[in-house]
Participant: 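Can you read through this structure? Questions will come right after.
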Amino acid sequence: MSALAEKLMVTPVDETSGYDTIHELGQQRLMQYGFPDMKTEEWKYTPLRVLEKRAFQDPIEATTALPSWPVDGVVLHFEQGVLTSDPATLPEGVKLSPISPDLLGKKDYDPLYGQREGAFGWLNLAKFKQAWHLEITGDQTVILATTLSKAFEAQVHPRLLIDVAANASLKLIEDQRDQGQGLINIACEINVAEAARVEHVICRQNAESVWIQRTDVDVAKDADYRVSAFDRGGRLTRHDLNVHIKGAGANGEIDGLVLLNDRQHVDWHTEIAHCVGHTNSREAFRFLADGSGVGVLNGRIHIHPDSDDSHSDLNTANLLLSDDARINIKPELEIYSEEVTASHGATIGQLDEGSLFYMRSRGLTEAEGLALLKFGFAAEPMMQIQTPEIREWVLGQLKEVL
Amino acid sequence: MLKIKDLHVSVDEQEILKGLSLEVGEGELHAVMGPNGSGKSTLGYTLAGRDDYEVTSGSIEFDGEDLVEMEPDERAAAGVFLAFQYPVEIPGVNNAYFLRAALNAQRKARGEEEVDGVNFLKMVRESLAELEMDESLLKRAVNEGFSGGEKKRNEIVQMAVLQPKLAILDETDSGLDIDALKLVADGINRLRDGKRSFVVITHYQRLLDYLTPDKVHVLSGGRIVESGGPELAHRLESEGYGHLERASA
């Protein structure tokens, strides 16, 4: 076993929880495959050195004050990976309960997590303390607030399964704020049932913690899943976002914006899989890298066999704002059906001097012009957020940072 | 208002302006005409302070101040406005937001109170109506997807809102049909108040039919080679620039 695996596996899990079989499975796979290294294609640009060097402590009690949100909804607060809200007081249409071990045991995780590349998925299965099942019916707004306090130096592995019932509608805000220096390794599965709609907004502000997350979304017939991620960077972040479109008439969309600065490394691996035909998808992702920030985007579109009449477009435009910043972009198209349209475009550039001069000639200072230019570039993917209040909230945060 | 003396300007180490001198008094409108490559746009960019336009010798005095030493935004706040020959598209930046930010940045630099949203909209709506531009342009990104004519008219809207002391119009007439040309000329004439000065850079005489310049200058080979009244523009229109180019060669 590697040193990293030894370090992360050292704390024993609670075997009285009923999840022992699934924990064992995770542990067994992790020991079999190990953690990714630079030779693992999916992790080539994201070394785990920060994690290897770090010592983890036991979680200590802490509370972080929550901000306010632009929409009313059910707030589920996870402090250091542990739910602090009371699941008994939720309104009709929002049900939260521990995931039944049977339900977890039924799922085949091998095709989902694979081998070494999915090590953190296996680690989560091996080590999660709480696994919650959120069930949504009707028209709901849910805010998942995940906070890590300044004192956070532990490793936590929260697990969440969200079932959005047929014809239901969910606005889901994941508000993630880190001030600590531990490891959070989230595994989240979302099932969007037939004709359901999900508007998912992820806002993350990561400090020194290593933030690993995977979000696996299944989209059923005629359902609509749209996610917008506003990632303000962090010491080391890796998010695997997989959208599997599994029913005809379904639509999946990903919009992403990542801001990077000194000593920050953010890696997004996205996959949109068209598992059947008569399906649509779209993805637009932008990175703005300043200082010594490093960004990675691996955007994969996978159109399975017998998926005719699938349509997909992946577009990524990126800005390098300093000489030391780096952005690694890899669009991947894997197409096994004939009658499909799939396109991709990727650009990496710098701010346009001509535009900056135009702005300055109108009276804006260099700093004001730069901020406005960056804002204009960065705002575009966030303009896709459907709910105006949420869109303005995100754009407001963006304005504040730039 | 504007005194340019023996101005030499290089771009990428190639000298473009080679001893240009020009004086524009308060309230005057001067036309600068000349063939392609004579340095007309270089004059505009140099006055606005573009980085890569290096003043190697000579001086530019504006309102008693040394313009060369000023940053582009300081020049704007002091009252210099350049209407671009090719207005820049800025995706993602709302046209109204941009113009209000520019106006307030200038006012702030001058120690004046900022204009609130309501008053700003009133100002900009008036200018839009005068230039027969649709208000929906305000909500779009700066110049993005605008037609050539809309871009030029948008420059005039900006000028009307920013109220500069000196406006340099760099081939604002190019690419305009006759109706748009008249709208743009009317927009310029409305701003002629006996105090504001204009340098109108143009290739053709047709804009001058509507503007009545106080003086017309001919720029060739990086220098003003001839100056005169409006009749000079007519002469150039019939004779062309050929003889000047031959003379300066």
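Per chain, numbering begins at 1; letters A, B, ... match sequence-line order. Computed from a predicted model, the values in this text were never measured in an experiment.
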Participant: Would you compute the distance between atom CZ of Phe377(A) and atom CD1 of Ile90(B) and round it to the nearest 0.5 angstrom?
Facilitator: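 It comes to 14.5 Å.
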Participant: Side chain from CB out, backbone as N, CA, C, O: work out which of these in Glu89(B) comes under 4.5 Å of a heavy atom of chain A, or both, or neither.
Facilitator: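 Backbone only.
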Participant: Given the options Arg75(B), Lys108(B), Gln158(B), which has more heavy-atom pairs under 4.5 Å with chain A than any of the others?
Facilitator: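 Greatest number of close heavy-atom pairs with chain A: Gln158(B).
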Participant: Shortest non-hydrogen contact from Phe357(A) to Gly49(B)?
Facilitator: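 For Phe357(A) and Gly49(B), the tightest heavy-atom pair comes out as CE1-C, 3.7 Å.
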Participant: Can you run down the side chain to side chain donor-acceptor pair (under 3.5 Å) pairs that involve residues 126-135 of chain B, sequence neighbours left out, and say none if there aren't any?
Facilitator: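 Non-adjacent pairs meeting side chain to side chain donor-acceptor pair (under 3.5 Å): Arg125(B)-Glu135(B), Glu130(B)-Arg190(B), Asp134(B)-Ser136(B).
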Participant: Begin from the C-alpha positions of Tyr97(B) and Leu372(A) and carry the test side-chain contact (heavy atoms from CB on, under 4.5 Å) through to its verdict.
Facilitator: CA-CA 10 Å; Tyr97(B) 182 87; Leu372(A) 200 51; 3.3 Å; yes
Participant: Taking Ser355(A), Ser361(A), Gly363(A) one by one, which has the highest count of heavy-atom pairs under 4.5 Å against chain B?
Facilitator: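 Winner by heavy-atom pair count: Gly363(A).
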Participant: Would one find more than 12 heavy atoms of other residues, nucleotides or ligands at under 6.0 Å from atom CG of Asp116(B)?
Facilitator: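 Yes, CG of Asp116(B) has more than 12 neighbouring heavy atoms, counting only those of other groups under 6.0 Å.
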Participant: Side chain, backbone, both or neither: which part of Ala109(B) has a non-hydrogen atom closer than 4.5 Å to chain A?
Facilitator: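 No part of it gets close to chain A.
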Participant: Counting only heavy atoms not in Phe120(B), do more than 12 fall under 6.0 Å of its CZ?
Facilitator: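 Counting neighbours around CZ of Phe120(B), more than 12 heavy atoms of other residues, nucleotides or ligands fall under 6.0 Å, so yes.
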Participant: Check step by step if side-chain contact (heavy atoms from CB on, under 4.5 Å) holds for Thr365(A) and Asp73(B).
Facilitator: CA-CA 6 Å; Thr365(A) 61; Asp73(B) 44 291; 3.7 Å; yes
Participant: Can you say whether Arg50(B) sits under 4.5 Å from chain A via the side chain, the backbone, both, or neither, judging by heavy atoms?
Facilitator: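 For Arg50(B), heavy atoms of backbone and side chain both lie under 4.5 Å from chain A.
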Participant: Does Arg326(A) have more than 12 heavy atoms from other residues, nucleotides or ligands lying within 6.0 Å of its CZ?
Facilitator: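 Open: at most 12 neighbouring heavy atoms sit under 6.0 Å from CZ of Arg326(A).
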Participant: Kindly assign one of parallel, tilted or perpendicular to the pair Tyr358(A) and Phe84(B), based on the angle between their ring planes and the thresholds 30° and 60°.
Facilitator: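 Perpendicular: the ring planes of Tyr358(A) and Phe84(B) meet at over 60°.
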Participant: Given heavy-atom pairs under 4.5 angstrom as the criterion, report whether the side chain, backbone, both or neither of Pro87(B) touches chain A.
Facilitator: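 Contact with chain A is through both the backbone and side chain of Pro87(B).
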Participant: Run the salt-bridge test on Arg362(A) and Glu155(B) with the 4.0 Å N-O cut-off and return the result as yes or no.
Facilitator: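 Counted as a salt bridge, because a side-chain N and a carboxylate O are separated by less than 4.0 Å.
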Participant: May I ask you to name which of Met359(A), Glu368(A), Glu380(A), Glu366(A) has the most heavy-atom pairs under 4.5 Å with chain B?
Facilitator: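 Most pairs with chain B among the choices: Met359(A).
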Participant: Might you confirm whether atom CG of Asp66(B) has over 12 heavy atoms from other residues, nucleotides or ligands at distances under 6.0 Å?
Facilitator: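 Yes, CG of Asp66(B) has more than 12 neighbouring heavy atoms, counting only those of other groups under 6.0 Å.
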